[in-house]
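For reference, the structure is listed below as structure tokens.
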4 protein chains.
Amino acid sequence: MTKEHGSVAVRRGSIGAKRNPASQQAILDAAEAILREEGLSGFSIEAVARRARAGKPTIYRWWPSKAALLLDVYHGFKNLRQFPDTGNFEDDLRGFLNNQLIGFWHGGLCGTVFRSIIAEAQSDPAAAEALFAYERGRRKFAEQLVDRAKARGEIDPDSNSAIIVELIAGFAWHRLLTGRLDGSQDDIEAVVAIIGAATKKNPGA
Amino acid sequence: MTKEHGSVAVRRGSIGAKRNPASQQAILDAAEAILREEGLSGFSIEAVARRARAGKPTIYRWWPSKAALLLDVYHGFKNLRQFPDTGNFEDDLRGFLNNQLIGFWHGGLCGTVFRSIIAEAQSDPAAAEALFAYERGRRKFAEQLVDRAKARGEIDPDSNSAIIVELIAGFAWHRLLTGRLDGSQDDIEAVVAIIGAATKKNPGA
Amino acid sequence: MTKEHGSVAVRRGSIGAKRNPASQQAILDAAEAILREEGLSGFSIEAVARRARAGKPTIYRWWPSKAALLLDVYHGFKNLRQFPDTGNFEDDLRGFLNNQLIGFWHGGLCGTVFRSIIAEAQSDPAAAEALFAYERGRRKFAEQLVDRAKARGEIDPDSNSAIIVELIAGFAWHRLLTGRLDGSQDDIEAVVAIIGAATKKNPGA
Amino acid sequence: MTKEHGSVAVRRGSIGAKRNPASQQAILDAAEAILREEGLSGFSIEAVARRARAGKPTIYRWWPSKAALLLDVYHGFKNLRQFPDTGNFEDDLRGFLNNQLIGFWHGGLCGTVFRSIIAEAQSDPAAAEALFAYERGRRKFAEQLVDRAKARGEIDPDSNSAIIVELIAGFAWHRLLTGRLDGSQDDIEAVVAIIGAATKKNPGA
DNA sequence: AGCTAACCGAGACGGTACGTCTAGTCTTGCG
DNA sequence: CGCAAGACTAGACGTACCGTCTCGGTTAGCT
């Protein structure tokens, strides 16, 4: 998936007064490789530049901060997973947790990258804004999942979509940030069951 | 609560072959003051030593890492809030969120410190271990809240205590880490309602 | 003398496969303005290109180095002052120091530019060669001044023209490079007197 | 004279809250070696730190600028040459040019270093001030040479000591800065002769 | 009249060096 | 032995320039 970096003699140069996609990709690849091999603590603009055989200004020209670069790496992983409408609320929840959150983060690099972005956002305001904007979008998107179930008459129409989404997302973040993504399948089922129970239709009638 | 730092001319020295509590307190005070005034991005061992008029080795001698110092500052805030048994599950939940999580973090410095610890834990393994151990303890402690309600026969005895606690904690973490602790009171109610609905006794009988 | 730079909207372009004199002039003007306003430390090819609204390659195409550009700026100032034959050796010396050296450098930009060229020549071999060639020519030219006096029978015919010229030039360089061009008029007289005494005819007869 | 740099494994550390002379010397040695091997254009704080295996802040802590470091290297060469009182004015002049100026600079590294300092002073005000102060002292010192000859009744008591010294120093600077230190012995004689003739006692009596 | 060649501006590229900051270690000298 | 102090190596930070390159466009002069 990621090309070899061994062929050093490439000597990418300018391709005129516009962004060179080869440099771009080399930088993203290097960033990904460093995260994979050394983790967040070894991740620095300096290291990325060295590995990508790029100049530091080239990185700063296109990514204003470390977090921006991390977010770009993360986006490179996204859209690999689909978010299908199964027609069933609990299956949708399962899919959400498995394909967008815990299961998506688990194993590969994605979780590491996302953890890094969250950490960065706690001290860098620019990173915070970028992450929060991204996160707002993700939540809005996920609320559709609940609203579809309401529209189908499958769940209680008074369910608070935003809070439900945030409970689920919060659970996943917590697992990610406390290093407990492993062996969560049973726990995912438990979460789905709890949310299912809480949104069951006709609670009093 | 925190004493003045203005009287710089204190010139604390050694008090012999044992830890000098005045230095320890000065370091903790300085750490807290820096976090309050400059935030996590301005927080460094260097800055703490400068402000506390302490030598860096004195800090490293007693706190192995930045995160250990942060945790100590955080512990200084803890136990200020109680965690009373109200005898009612939903009130217990409300109290948990208000006194131990969102309400506790909100406004003051505590949230900032805890955010910092979480961030630090994402790149420093030692910090991670300390945070995870702390968090494990907190969760076990909170599960008692659910188990008490089960024992009282107030909620479904099959409720998954661990997952319920983690949903709530995850929600609070998510709010903290995305800078949305403000105006959460209604949302706390919504969370309590959802958990309450999901644990209602005798759902089918 | 130098046209206004305010009318930015000129949008000089190519005028075909030949050097565009407008661009050349704009670059020289910008170089001069930067030296005047910011001094040598603010002088860079980058800054000149920015100010002249020229592309860097346009500068590099015509001037191989920073020093070449500086020399061109300097040449723009030359030939403004005359070097007349007064018919009297000491008056010639006075005129040389006042019109070609100290008096010429003093006050205006010329001294700054020449200082810059000398500095550049100490690390850039190409600049050194250009400066040395220029300087050789100036010395040869100035030696005529002494030789004329010999021819007139005004001074000792055994006087060493080259050394006399170099003593005078060295004095002026030293004043320039140690920032002491100001208030040199009396010192110029003293130099003239010393050289006059040293070249007096009939020393032993 | 200069020790080997090959034994890299030294790992100099702090020796407490005071300047480490070993680091000091290593930095000066590295600076000298770089100037010798690569010249001024290869001389940078970065390169010196690399070669000396020193941290950049260690250099900046003790030398505020590149020029300060150069001056220190230069001072390391000084006082190697004496400035004896020969009892004869022209011999003193010869000695001055040979031991303090041209002859001192010629051949070795001293000339290169001093050229570098002069160049640096043309763009760095701090360097300029340091050089000018040094130069003022040197001139005052050299004027004693002339004043001694006056006191001995050897030369015209009305001779302008300051200008005489500056003519000689300027000649030497000019030779240094135009790369013509070689083969100056005859020229030194010519300079001595001119100054001697200009200061001859009782010119009219 | 169309083609070519060189110019122009613009600005990205890989680099080097800057001067500052922090990390974490070490040693001294006082108490 | 703990302490304040502050030096040390190491290396990342973000910025400024360097000199080279390619682009897209323009114009002059040759075919």
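Lettering of chains follows the sequences in order, A, B, ..., and the numbering in each one begins at 1.
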### Message
If the test is side chain to side chain contact (heavy atoms under 4.5 Å, CB included), which one of A:Leu71, A:Thr112, A:Val73 qualifies with A:Ile117?
### Response
A:Leu71

### Ring geometry between D:His75 and D:Tyr134 (parallel below 30°, tilted from 30 to 60°, perpendicular above 60°)
tilted

#### Entry: Residues within residues 39-49 of chain B bordering DNA chain E, heavy-atom distance below 4.0 Å
B:Ser44, B:Ile45, B:Glu46

### Residues from residues 60-69 of chain C lying under 4.0 Å of DNA chain E - heavy atoms
C:Arg61, C:Trp62

### Query
Salt-bridged, D:Glu38 to D:Arg51, with N to O below 4.0 Å?
no

### Query
So does C:Lys56 reach the base of F:dG19 with its side chain, donor to acceptor, closer than 3.5 Å?
yes

### Query
Is a donor-acceptor pair below 3.5 Å formed from side chain D:Lys18 to base F:dG6, judging by atom type as modelled?
no

Within the 4.5 Å heavy-atom criterion, are [X] and [Y] side-chain neighbours or not?
X: C:Ile15; Y: C:Ser23; value: no
X: D:Arg115; Y: D:Ile118; value: no
X: B:Asp72; Y: B:Trp62; value: no
X: C:Trp63; Y: C:Gln24; value: yes

Taking only side-chain nitrogens and oxygens of [X], does any of them come within less than 4.0 Å of OP1 or OP2 of [N]?
X: D:Ser23; N: F:dT9; value: yes
X: A:Thr58; N: E:dG14; value: yes
X: A:Arg53; N: E:dG15; value: yes
X: A:Ser14; N: E:dG14; value: no
X: B:Arg50; N: F:dA5; value: no
X: C:Gln24; N: E:dC7; value: no

Just how far is it from atom [atom1] of [X] to atom [atom2] of [Y], taken to the nearest 0.5 Å?
X: A:Glu37; Y: A:Leu109; atom1: CD; atom2: CG; value: 10.0 Å
X: A:Ser41; Y: B:Glu120; atom1: OG; atom2: CD; value: 10.5 Å
X: B:Arg53; Y: B:Thr58; atom1: CZ; atom2: OG1; value: 13.0 Å
X: A:Leu40; Y: A:Lys66; atom1: CG; atom2: NZ; value: 6.5 Å
X: C:Ile27; Y: C:Leu69; atom1: CD1; atom2: CG; value: 8.0 Å

### Nearest-nucleotide comparison on DNA chain E, the residue closer to the 5′ end among A:Pro21 and C:Ala54
C:Ala54

In this structure, how many angstroms lie between the [atom2] atom of [N] and the [atom1] atom of [X], rounded?
X: A:Ile34; N: F:dA12; atom1: CD1; atom2: P; result: 10 Å
X: B:Ile27; N: F:dG2; atom1: CD1; atom2: P; result: 14 Å
X: A:Arg51; N: E:dG14; atom1: CZ; atom2: C1'; result: 18 Å
X: A:Asn20; N: E:dA12; atom1: CG; atom2: C1'; result: 8 Å

## Note on the structure
Sorted by position of nearest nucleotide on DNA chain F, 5' first, the leading residue of B:Pro57 and C:Ile15 is B:Pro57

#### Entry: End-to-end axis angle, where each axis spans five pairs of the helix from E:dA1-F:dT31 to E:dG31-F:dC1, to 10°
10°

